[in-house]
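Here's the structure, in C-alpha cells; my notes come after.
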Amino acid sequence: MRRDLVDAARNGDHEAFEALAIGVSTRLYSVAHLVLRDAYLAEDAVQEALVNAWQRLPSLRDPDRFDAWMYRLVVNACADLGRGRRRIGAEIRAIVPALPVSDASGWVADRDQLDRAFRRLRPEQRAALVLHHYLGLPVNEIADVLGVPVGTVKSRIHYGTQVMRAALEADDRPAAASGGIR
Amino acid sequence: MTGRPTADELIARWFEEEGTREMPDRVLDAAFARTGSLPQQRRGRATRPAIRRWRTPLLVAAGVVLTGAAMAAVGAWLSTDRTPDLLTRVRATGVARMAVRPDHPQVVGATVGLDGFDVDVALELGRRLGLRADIQPTDATEMLASDSEPTLDLLLPSMGTSAIDPARFARSVPYYWWPHYLVVSAASGRNAIDDLAGQAICAVGNDVGESWLRGESGDAPIDGSVVVTRASDAECLAALADGAVAGVVTAHMGPADLAARPTLVVLRGPPAEPRAVVATLADRPGSLMAEVDAAIGELLADGTLTRLSKNRFGGYDLTRSPAP
C-alpha cells in the first residue's frame, strides 16, 4: 500500500504525496527540532525537505527506502539552515530556570546539562545521535542516510554520547562535593 | 532504594522527551502550497503561454497536416527505418529515461536515493524539457556498451567527450569540465613537472590521466617517466605515500578534495575534460539533443548549473570552460 503511494507520488500524484508527507512529517519535525534546537528553524527544515522530496521523487529508486530518504532530506535541510544560522545559534543560550524545589530527582538539572552538551556538538554529530538514540536506526542505516561510512557514524555516535555522559558526570561532581540537593 | 538512573538512561529519556513535539499544521499547509505550484516536471518552456491562444487553430491545422504526413510516413516507415525518433518517443511517453553513473563524485548515496551533481542536472533537464526524469544508475561502461539495448534515452556518463564515439552517439554541449591534476607529495620538494623525469607516475587505468602520461593526448610524455596504473585515486595516493610512485594524475578528485589535502602539491595535469549529455543514435535527426542543448544553455544562463556545481563540488564552479 505504502509502496503504491510512493510509486503514485513519483508519477506526480499530489494526493499520494500528501498522504505520505502527513505520515512522515511528525517524525521529520522531531528530528529537525532535535538537531536544530529551534522550533521555527525546524518548521523551515521540514518544509524544505517536503518540497525537495516532491521535486526529487523521480530520483528515489527504491520506494521501500522512502522513510530513509526523507530522513536524509530533512538532515540535509537542517545542515543548510544550520550553516546560515550558526553564528546566531552560537549566541543563543538556554535560560536556566531556577531549580524547582520539587525537582527531587534532579531531572530538570540533568535535562539542562544534556541540552547544553548537545548544543555544543556539531550538526553532523547531532544528526547521528538523533538517528541513533531517537529513531533507533542501526548504524549501517544511519550511514546510508547521512551518506558517510559506517566507521564515521560510529565515531560520531561515540563522541556525541561521551560528551552527553560527561556533562551529566560533571553535573554530579559539584553536587556530590557540596552535598547539595539534586 | 530506587537509585539514580544511569547516564545512558537519562540520555534516552532526554531524546524521548525532546523528540515529542507537536508540529504546527502550517508546516504541511505551506509545503503543500509550494508543491502544488511546483510540479515534478514543468510542462512546456517559458514561450509556451504565448502559443496558448493559438492552440485550437494550430491543432486543427496540425491535424490536417499530420494526417497526410502520417499516411506518407507510415509508408516510408514500413519500407525503411522502424526506429522511432527519440524526441517523438519521449514526448509520447512524457518520460526521459536518464542514466547516471553511480559513483563519486557525480552521484552519491545510491542505496537510499540518488543524489549528486549528475542527478541534479538530470532532474533539471527533465523539468526544462517538460519530461519526467526516470533516473537509472548505470555503470558508465554499460551505458556505452555496443551491445546494450536502447533502454535509455539520455546518458550522463560523466566521461570526457573525446571518449564518446560520434559514430554511435549524439553529444550535447558540455555542461561541466572535470579537472585532472598531476600531484606530488609536498614533502618531496618537487615543484616542477621536470622534477618527475625518469620517475614512476600513477594514474587510474583507462582514464584520461593514463593517456596523457603516455603522450597519447597531444602533450609529450614526461621525459623517461614510467606509467603505473591502479584502479582508483585512493590506490594511486597510497602508492605515492609508500614512495612507490613520485606523482599521481587524479581521476575523480575535485578541487575541494585537493583543498582538503594540504600534503599534496598540484603541478599540472591534462586539460580539464568537457563532459556532455549523450543520446543514442536513435535520436537520428538530433532533435532531442537540440532540445537538451537549449536546456543546458538556459541552465548556464540563469545560473542554475553554477549553483548546482558549487553545491555539489565544495563551492567550485566547474560549469564554465576553463581558460586554456
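Within every chain, numbering begins at 1; the chains are lettered A, B, ... in the order of the sequence lines, protein sequences first and strands thereafter. For the numbers below, each heavy atom of this structure counts, side chains included, while hydrogens, waters and symmetry mates do not.
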Mind checking the CG-CD1 spacing from A:Leu57 to B:Ile135? Nearest 0.5 Å is all I need.
-> 11.0 Å

Donor-acceptor pairs under 3.5 angstrom involving side-chain atoms of residues 148-160 of chain A: please list them, not counting sequence neighbours.
none

Measure B:Ala12 against the heavy atoms of chain A and call it side chain, backbone, both or neither at under 4.5 Å.
-> neither

Please round to the nearest 0.5 Å and tell me the distance separating atom CZ of B:Arg132 and atom CZ of A:Arg10.
-> 6.0 Å

What option among B:Glu16, B:Met98, B:Gln136 has the most heavy-atom pairs under 4.5 Å with chain A?
-> B:Gln136

Contact leader toward chain B among A:Met164, A:Arg111, A:Glu18, where contacts are heavy-atom pairs under 4.5 Å = A:Glu18

Between OG of A:Ser59 and CG of B:Asp118, what distance do you get to the nearest 0.5 Å?
-> 12.5 Å

In terms of heavy-atom proximity below 4.5 Å to chain B, should A:Arg27 be classed as side chain, backbone, both, or neither?
-> neither

Contact class of B:Glu17 relative to chain A, heavy atoms under 4.5 angstrom = side chain

Would you check if the side chain of B:Arg127 reaches a backbone N or O of A:Gln55 as a donor-acceptor pair within less than 3.5 Å?
-> yes

Tell me, yes or no, whether the heavy-atom count around A:Gln162 atom CD, taken from other residues, nucleotides or ligands under 6.0 Å, exceeds 12.
-> yes

Any B:Phe32 side-chain heavy atom under 4.5 Å of A:Ile22 side chain = yes

Residues B:Gly116 and A:Arg56: closest non-hydrogen pair is N-NH2, 4.4 Å

So what's closer than 4.5 Å to chain B heavy atoms on A:Leu50: side chain, backbone, both or neither?
-> both

Side chain, backbone, both or neither of A:Leu129 within contact of chain B (heavy atoms, under 4.5 Å) | both

Which atoms of A:Phe118 come close to chain B, meaning under 4.5 Å heavy atom to heavy atom: side chain ones, backbone ones, both, or neither?
-> side chain

Please list every donor-acceptor pair under 3.5 Å in which a side-chain atom of residues 130-137 of chain A meets a protein atom from a residue at least two apart or in another chain.
residue	atom	partner	partner atom	Å
A:His133	NE2	A:Thr161	OG1	3.2
A:Tyr134	OH	A:Ser30	OG	3.3
A:Tyr134	OH	B:Gly19	O	3.1

A:Pro58 pairs by side chain to side chain contact (heavy atoms under 4.5 Å, CB included) with which of B:Leu123, B:Asp134, B:Val119?
-> B:Leu123

B:Arg26/A:Gln47 under side chain to side chain contact (heavy atoms under 4.5 Å, CB included): CA gap, chis, key distance, verdict | CA-CA 10 Å; B:Arg26 62 176 173 266; A:Gln47 195 187 131; over 6 Å; no

Rounded to the nearest 0.5 angstrom, the CG-CG distance for B:Asn311 and A:Asp80 is 7.0 Å

Nearest atoms (heavy-atom pairs only) where A:Tyr29 meets B:Glu22 = CE2-O, 3.6 Å

CG on B:Leu10 to CG on A:Leu168, rounded to 0.5 Å | 5.5 Å

Tell me, do B:Phe15 and A:Leu114 make a side-chain contact under 4.5 Å, heavy atoms counted?
-> no

Is the number of heavy atoms from other residues, nucleotides or ligands under 6.0 Å of B:Asp302 CG greater than 12?
-> yes

Identify which part of A:Leu146 has an atom lying under 4.5 Å from any heavy atom of chain B, answering side chain, backbone, both or neither.
-> neither

Scanning both residues in full, the closest heavy-atom pair of A:Val51 with B:Ala31 reads CG2-O, 4.1 Å

